Amino acid sequence: MADKVIYLREKPASPADERNFKIKYAELLNPAQLAAVTHRDGPLLVIAGAGSGKTRTLIYRVARLIESGVPPGAILLLTFTRRAAQEMLRRAEQLVGDRAGAVAGGTFHSFANNVLRRHGAPMGLKPNFTILDRSDMEDVINLIRTRMGLGSRERRFPKKSTIAEAISMARNKRRALEEEIEIDFPHLSEHQTEILALAKNYESYKRERALLDYDDLLYRLAELLEQYENVRRRLSDSYRYIMIDEYQDTNLIQADLVRLLAMNHSNVMAVGDDAQSIYSFRGANFRNIMDFPTIFPGAKIVKLEENYRSIQGILDVANDVISRAGEKYTKALFTQREGGFRPYLVRAQDEHMQSRFVAQRILELREEGVELSEIAVLFRSSFHSFDLELELQRRDIPFIKRGGFKFIETAHIKDVLAHLRVIANPQDAVSWLRVLTLVKGIGHRTAERTIDALVASDDPATAVSKFAEKARGGSEGGLKRLGALLAELRAGEKRPPEQIAMTLEYYLPVMREAYADDYPKRERDLEHFQNLTERYKSLEQMLADMALEPPSDSLDGVLATDSEDEHMTLTTIHSAKGLEWKVVFLIWAADGRFPGPQSVGDDEIEEERRLMYVASTRARDELYLSYPIHMFDRSFGFVMGRVSRFLEDVPAELLQSATLQESEET
DNA sequence: TACAAGTAAGTTTTT
DNA sequence: CTTACTTGTA
């Protein structure tokens, strides 16, 4: 065993030392930002209001550390999406050059993935484990449910997605499943016994087959750090400066991971804004940000309150919305940006009129010289933009849509991936199920029986071919072709693009039969998918990426823009987190849509309010809030819509009200 | 017995 | 549009 490494702290920087730095930090940052950036050792909490230069502060701190002689590889930057991490590192590179590229960065999940593959062996984890995304998780649950013979008669059993949600939520909130059901899913209580048994089986099922779902990535990393002191020590020694962005959206396990990783040095910088906590549905707990000083005693706290993004008129509305929050840090954003614009509150007759208004205003903005990339339309739920998407298409306004259904989640992409996943991890029974049921003449029953034998065999390709010989019910030919494909995929050193090409050759005819009505569309998706995976050299890496950071374009977006042409953005508020545009539209700012019908409890309403705050602070220069007064409700037909309760009480002088009218000309 | 096709209900946000 | 259960066919 190697000696413990002791790092000597550098002398604290005195003002004279500033000359040693190439970057003139004091000139480029405001006093609060500077305090955060020049902070060197020990815990630091930065409460950063919307648009207060949070990202800038993080980037300059990375640069500062590197300039002070900290090896870039000793810096760990945990962010909410990998896109955010990459963007930050790119900007850091502009400051200090290539060195910044060596900074370790990514999401908690991708970090956990890497650590577990490298150091998971002592706890019996195979390095080729498969990551289950949400729909894989649901597939497994469904499979186990059928095996257990649950819900076949009398009582209708809850949907797999509901069960998956309950199981995941319990883990993210660190609760017993029983307790979780009692609190958040009382309507499932009549099936509690079965669900608990199912959850137990789900756990062992994953363990036996080297499958990890999203929650497992975090949990098993915590387990590794807690139970294997030498691993924890090694990681803590190699990542001596840890920074976490969007700390208000971490959950209890993530907070624990930070504590464990920082145990040797306490060099942790957490950045966040309690007013922007919008992921409690995923177990995020904004209390983490408040408890930070308790977990890391002596934490220095810096507040960034000056907003550099929005004009005052927009901030006034945002401040007013959040001022009615039940519980909050008092923090009022202010700006030195002048400008007389007041946000619009636009009342439309119906949804389509709302869409036409947005499209028309966008065309006007383009006339005024505003680039499309500077315009975004935000909404609470992905489906809220359907009508608008049609209208934009009709008027040839190019857009991409972020959030909502992703094209990587479509059946045909998952089908192709499943073939590759069984190559990477032959124990991956979920993928086997997918692969086998695609063969004509094989349904769930036959597939399930076959899988156990396949998982146990060393050479699945040959095993499949053997099954082909004994097959009945017309599955012989299909199985034979499948066996040949698998053998080919495994043979020699092949790269992902090659493997995908081979899989497609096998899969395309299968798909044409399975999705006879719309296969041309799916073929185009697969082509797009091929382009995306062109750069991968390792199959494992590609599969992990697809599960952890799938390309965020939605299907609609991919089809709407043929190329990398300039385009505007449609996005859910959640996916708009951390981003900004010159002009922002928020559609469906109507009670019943935002907040939606499912937000009933006080906590839920409070989170919706923070969402409204996040949405309105994305805009730099212009903000348009709109709602239709006639809206369709599936049970009541057309009902009167009213403005979202979060905007209802905003003083009239802060907003410009407008009503849309059909022009008289014919 | 097992697969395939057909029918009737429910729909947020994401790593 | 998806999912859970029902009915029809080999």
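Computed from a prediction, not measured in an experiment: that's the story for all the values here. Naming: A, B, ... by sequence-line order, numbering from 1 per chain.
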Nearest-nucleotide pick for [X], side chain only, options being [options]:
{"X": "R282(A)", "options": "dT3(C), dT13(B), dT14(B)", "value": "dT14(B)"}
{"X": "F157(A)", "options": "dT12(B), dC5(C), dA4(C)", "value": "dC5(C)"}
{"X": "E549(A)", "options": "dT15(B), dA2(B), dC5(C)", "value": "dT15(B)"}
{"X": "R380(A)", "options": "dA4(C), dT12(B), dC3(B)", "value": "dT12(B)"}
{"X": "F281(A)", "options": "dT15(B), dA4(C), dT14(B)", "value": "dT14(B)"}

Taking the ring of F108(A) and the ring of Y214(A), is the distance between their centroids below 6.0 Å?
no

Remember a base hit wins even if backbone is also touched, and classify S382(A) as base, sugar-phosphate or nothing at under 4.0 Å, heavy atoms.
sugar-phosphate

How is F383(A) classified with respect to the nucleic acid when contacts are heavy atoms under 4.0 Å: base, sugar-phosphate, or nothing?
nothing

Which residues pass the side-chain contact (heavy atoms from CB on, under 4.5 Å) test with [X], sequence neighbours left out?
{"X": "T146(A)", "result": "none"}
{"X": "T450(A)", "result": "L436(A), T446(A), L454(A), F467(A)"}
{"X": "L143(A)", "result": "R147(A), Y205(A), L433(A), E448(A)"}
{"X": "A411(A)", "result": "R434(A), Y515(A), R522(A)"}

Calculate the interatomic distance between [X] atom [atom1] and [N] atom [atom2]; express it in whole Å.
{"X": "K159(A)", "N": "dA8(B)", "atom1": "NZ", "atom2": "C1'", "value": "13 Å"}
{"X": "I163(A)", "N": "dA4(C)", "atom1": "CD1", "atom2": "C1'", "value": "12 Å"}
{"X": "E409(A)", "N": "dT13(B)", "atom1": "CD", "atom2": "C1'", "value": "13 Å"}
{"X": "L116(A)", "N": "dT15(B)", "atom1": "CG", "atom2": "P", "value": "19 Å"}
{"X": "I605(A)", "N": "dT13(B)", "atom1": "CD1", "atom2": "P", "value": "17 Å"}
{"X": "F379(A)", "N": "dT12(B)", "atom1": "CZ", "atom2": "P", "value": "15 Å"}
{"X": "L436(A)", "N": "dA2(B)", "atom1": "CG", "atom2": "P", "value": "16 Å"}
{"X": "L438(A)", "N": "dC3(B)", "atom1": "CG", "atom2": "C1'", "value": "15 Å"}

Taking N or O atoms only and anything under 3.5 Å, show me the protein contacts with nucleotides 8-10 of chain C, one pair per line.
none

Contact list please: residues 569-579 of chain A against DNA chain B, heavy atoms, distance less than 4.0 Å, in numerical order.
T572(A), H574(A), S575(A)

Quick one: do D591(A) and Y627(A) satisfy side chain to side chain donor-acceptor pair (under 3.5 Å)? Show the steps, please.
CA-CA 9 Å; D591(A) 239 55; Y627(A) 67 101; over 6 Å; no

Can you name the one residue among K401(A), R402(A), H574(A) that meets side chain to side chain donor-acceptor pair (under 3.5 Å) with S382(A)?
K401(A)

Quick one: do the D350(A) and H630(A) side chains pair a donor with an acceptor below 3.5 Å?
no

What I want to check is whether the side chains of N251(A) and N172(A) have a donor and an acceptor closer together than 3.5 Å.
yes

Output all residues satisfying ring pair (Phe, Tyr, Trp, His ring centres under 6.0 Å) with F185(A), sequence neighbours left out; order by chain, then residue number.
none

Ring pair (Phe, Tyr, Trp, His ring centres under 6.0 Å) partners of Y219(A), counting only residues at least two apart
none

Hey, does the side chain of R145(A) come within less than 4.0 Å of dC5(C)'s phosphate (OP1/OP2), counting only N and O?
yes

Has R593(A) got a side-chain N or O lying under 4.0 Å from the OP1 or OP2 atom of dT12(B)?
no

Counting distance alone, no hydrogens or angles: does the base of dT14(B) have a donor or acceptor under 3.5 Å from a partner atom on the side chain of R134(A)?
no

Indicate yes or no for a side-chain donor-acceptor contact from S280(A) to the backbone of G283(A) under 3.5 Å, with no hydrogens or angles considered.
no

Is a side-chain donor or acceptor of S538(A) paired with a backbone partner of Q541(A) at a separation under 3.5 angstrom?
yes

For DNA chain B, which ranges pair as stems of 3 or more consecutive Watson-Crick or G-U pairs, with both donor-acceptor distances under 3.5 Å?
B:1-10 with C:1-10

Residue closer to the 5' end of DNA chain B, A447(A) versus S599(A) (nearest nucleotide):
A447(A)

If a pair satisfies salt bridge (Lys or Arg N to Asp or Glu O under 4.0 Å) and one of its residues is in residues 242-258 of chain A, list it, with sequence neighbours excluded.
K54(A)-D245(A), K54(A)-E246(A), R174(A)-D256(A), E246(A)-K577(A), D249(A)-K577(A), D256(A)-R259(A)

Within residues 103-115 of chain A or reaching into it, pairs that qualify as side-chain hydrogen bond (donor to acceptor under 3.5 Å, both in side chains) - sequence neighbours excluded:
T107(A)-S110(A), N113(A)-R117(A)

Nucleotide N/O to protein N/O under 3.5 Å, stretch nucleotides 5-7 of chain B:
none

